Amino acid sequence: MRFGEFGGRYVPEVLIPPLEELERAYNDLKEDEKFRRELDYYLRNYAGRPTPLYFAENMSRELGVKIYLKREDLLHGGAHKINNTLGQALLAKYMGKRRIIAETGAGQHGVATAMAASLFGLEAEIYMGAEDYDRQKMNVFRMRLLGAKVTAVESGSRTLKDAINEALRDWVESFEYTHYLIGSVVGPHPFPTIVRDFQSVIGAETKRQILEMEETLPDAIVACVGGGSNAMGIFYPFLNDKVELIGVEAAGRGIETGKHSASLLAGSKGVLHGMLSYFLQDEDGMMLDTHSIAAGLDYPGVGPEHAFLKDSGKCRYVAVNDEEALKAFALLSKKEGIIPALESAHAVAYAVRMAEEMDKDSIIIVNLSGRGDKDMGIVMEMMA
Amino acid sequence: MIDKSLVVFFTASYPSPEKTVEFMLTASEAGADVIELGIPFSDPVADGKTIQESYVRTLKNFRVKQVFDIMKAFREESDKPVVIMSYFNPIYRMGVRDFVERAYSSGVDAMLVVDLPYDEAEEYADICSSIGMDTVFLAAPNTSEERLRAIDELSTFIYLVSTYGVTGERKEISPLAFEALKRAKNICKKPVAVGFGVSKADHVRQLIDAGADGVVVGSAFIRIINEKGGSAVEDIRKLTLNLKSGILGSY
């Protein structure tokens, strides 16, 4: 139920029974042959798994190390989010829930939720901060086209954190017939575990693939961390191996400016959204406004398992600012013909930085968690 | 603390610490038996729009320690019991022991932490008990008998949430509330106060008639303050008198 001291279930009493119900259902189903087979079927045939582990020749030549990209950007919907939404939507269906709610920041998780709901014939309502709603009109349209109801959240800072607040308020009223399909390894127990398990398919595949291609494990794996689901997914199967695992947070305009989202590097322990973890908060425990060029990293907290992995020294966490991420975005596009999501570009940027200090032929795997098509508008503005 | 009691909720420092003290005194004189003092929080997931709005406005110029100043000023004039209602993070951030000690010495009688169910509250409950601070835990219509017993054990009174939802005024008391109240009264030894969606004298009467030991009214007061700010005093007096008639009339 906890990762060291982190995690837990800090929710109003009314949410305890639905969380217990979810935990029971998940524990029963995760080993259930029929459920596993069905999920596997949709992951393959609907989402497009397994995704390639691509040897990035040009980047490797340029950097003098071997760079591999785990191509989650090739999945249906354009990001790793679908791994989790298919798993949880199927779980919801098995639990007899007819409706799904979710929060979304930039809209990737909202789109992936709308897809899974449509596939399994479930009603979907997506909460989106009003600011994101205005910035990401295209994703709002996509979600509606997929049959979801999209609700703009006007409260608080009008971003992802407030969308989670509103989804929780909905769930308190509707849990009898609604599953809250949370999009990252955050929230009260058992959500961080469920999302990590559904995302671990990334790491399990990566391990098989790299052993096949290189006959050895990589030296390092790099992934971006907002809430932390793509990082948890690729790290988890490697936790007991001799592989350096590096999570990259968003330094935004620079950690010293206060306009960033690096909760592990610059935050302090706190309790929000049902979990004890690291948060960007003021002296009185009020959450601060965050910033990143990548909307998917723009969250004042982080999953509790990352907090534990940081404090126990099992993983290393670093930060990359907006400018470096944009450079990496352009570099990967130009060198490999692959446009990464701005979130994933943070991981690419750190791989570039660390390559300088690594021996020739070291192997670095970057989790390319999403594709960059969604970011064209913002990048055009920045580069203009 | 709770015996056919009217519990009135105010947001601390809304619209100012001085006005909060004045509101608390006004409600007390007009018949409130217990005051619940809410600590504004940036992410109040259990609250509806009315209380959210009061928190957002207050947080523009708020420090948690103002709560202790409000308490000290109130205690100079009144000995009515006061329960702090807070989310856990502001308490955790100050340090649980530090917070509880300061609250206790400023005259707070009990604390209710909305997002701290008893299974996460072991250390908190130990600290409160060592200092002499009473604790109140929430129960809901879907709370199991086993959990109700544990909540009863740890609480000076039980705060029963009337429905599945967040705080806020509602036209009617949900049928769930009456079922839940009956169950809670059968299982629990401590008094049971019902809150969430209680906003009219008629609601108060129905709940007291159904066996509630107390009722909590929040959003109805906060709506007045949202509309009238510091000049809400007279309306607060009238609403308190009116709600109290729902209790007195049922004797």
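Lettering of chains follows the sequences in order, A, B, ..., and the numbering in each one begins at 1. Note that the coordinates shown come from a computational prediction; the quantities given were computed from them, not determined experimentally.
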With sequence neighbours left out, what residues match B:Q206 under side-chain contact (heavy atoms from CB on, under 4.5 Å)?
B:I173, B:F178, B:D202
Hey, which of [options] has the most heavy atom pairs under 4.5 Å with chain B?
{"options": "A:V172, A:L276, A:L288, A:D170", "answer": "A:V172"}
{"options": "A:R169, A:K161, A:M286, A:E20", "answer": "A:R169"}
{"options": "A:I164, A:D284, A:L168, A:V271", "answer": "A:D284"}

Check the side chains of [Y] and [X] for a donor-acceptor pair under 3.5 angstrom, ignoring hydrogens and angles.
{"X": "A:D162", "Y": "A:Y127", "result": "no"}
{"X": "B:S162", "Y": "B:R170", "result": "no"}
{"X": "B:D43", "Y": "A:H273", "result": "no"}

Against chain A, label [X] side chain, backbone, both or neither, depending on which of its atoms sit under 4.5 Å from a heavy atom there.
{"X": "B:I151", "answer": "side chain"}
{"X": "B:P40", "answer": "backbone"}
{"X": "B:F41", "answer": "both"}

Using 4.0 Å as the upper bound for N to carboxylate O, is an ion pair formed by [Y] and [X]?
{"X": "A:E123", "Y": "A:R98", "answer": "yes"}
{"X": "B:E120", "Y": "A:R9", "answer": "no"}
{"X": "A:E176", "Y": "A:K97", "answer": "no"}

Given that the side chain runs from C-beta out, which part of A:D282 has a heavy atom under 4.5 Å from chain B: side chain, backbone, both or neither?
backbone
Heavy-atom cut-off 4.5 Å, strictly under: side chain, backbone, both or neither for A:E283 against chain B?
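Both backbone and side chain of A:E283 come within 4.5 Å of chain B.
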Just jot down the ring-ring contact (aromatic ring centres under 6.0 Å, His included) partners of B:F9, sequence neighbours excluded, or say none.
none
Using the ring-ring contact (aromatic ring centres under 6.0 Å, His included) criterion, which residues pair with B:F74? Sequence neighbours excluded.
none
Most chain A-contacting option - heavy-atom pairs closer than 4.5 Å, from [options]:
{"options": "B:V161, B:I39, B:T143, B:V113", "result": "B:T143"}
{"options": "B:P141, B:G165, B:A121", "result": "B:G165"}
{"options": "B:N142, B:L138, B:V166, B:V114", "result": "B:N142"}

Can you measure from CG (B:L37) to CE (B:M71) and round to the nearest 0.5 angstrom?
7.0 Å
Does anything in residues 46-70 of chain B get under 4.5 Å of chain A by heavy atoms, and if so which residues?
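So the qualifying residues are B:A46, B:D47, B:K49, B:Q52, B:L59, B:F62, B:R63, B:V64.
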Could you tell me whether A:F175 and B:Y164 have their ring centroids closer than 6.0 angstrom?
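Distance test on ring centres: under 6.0 Å, yes.
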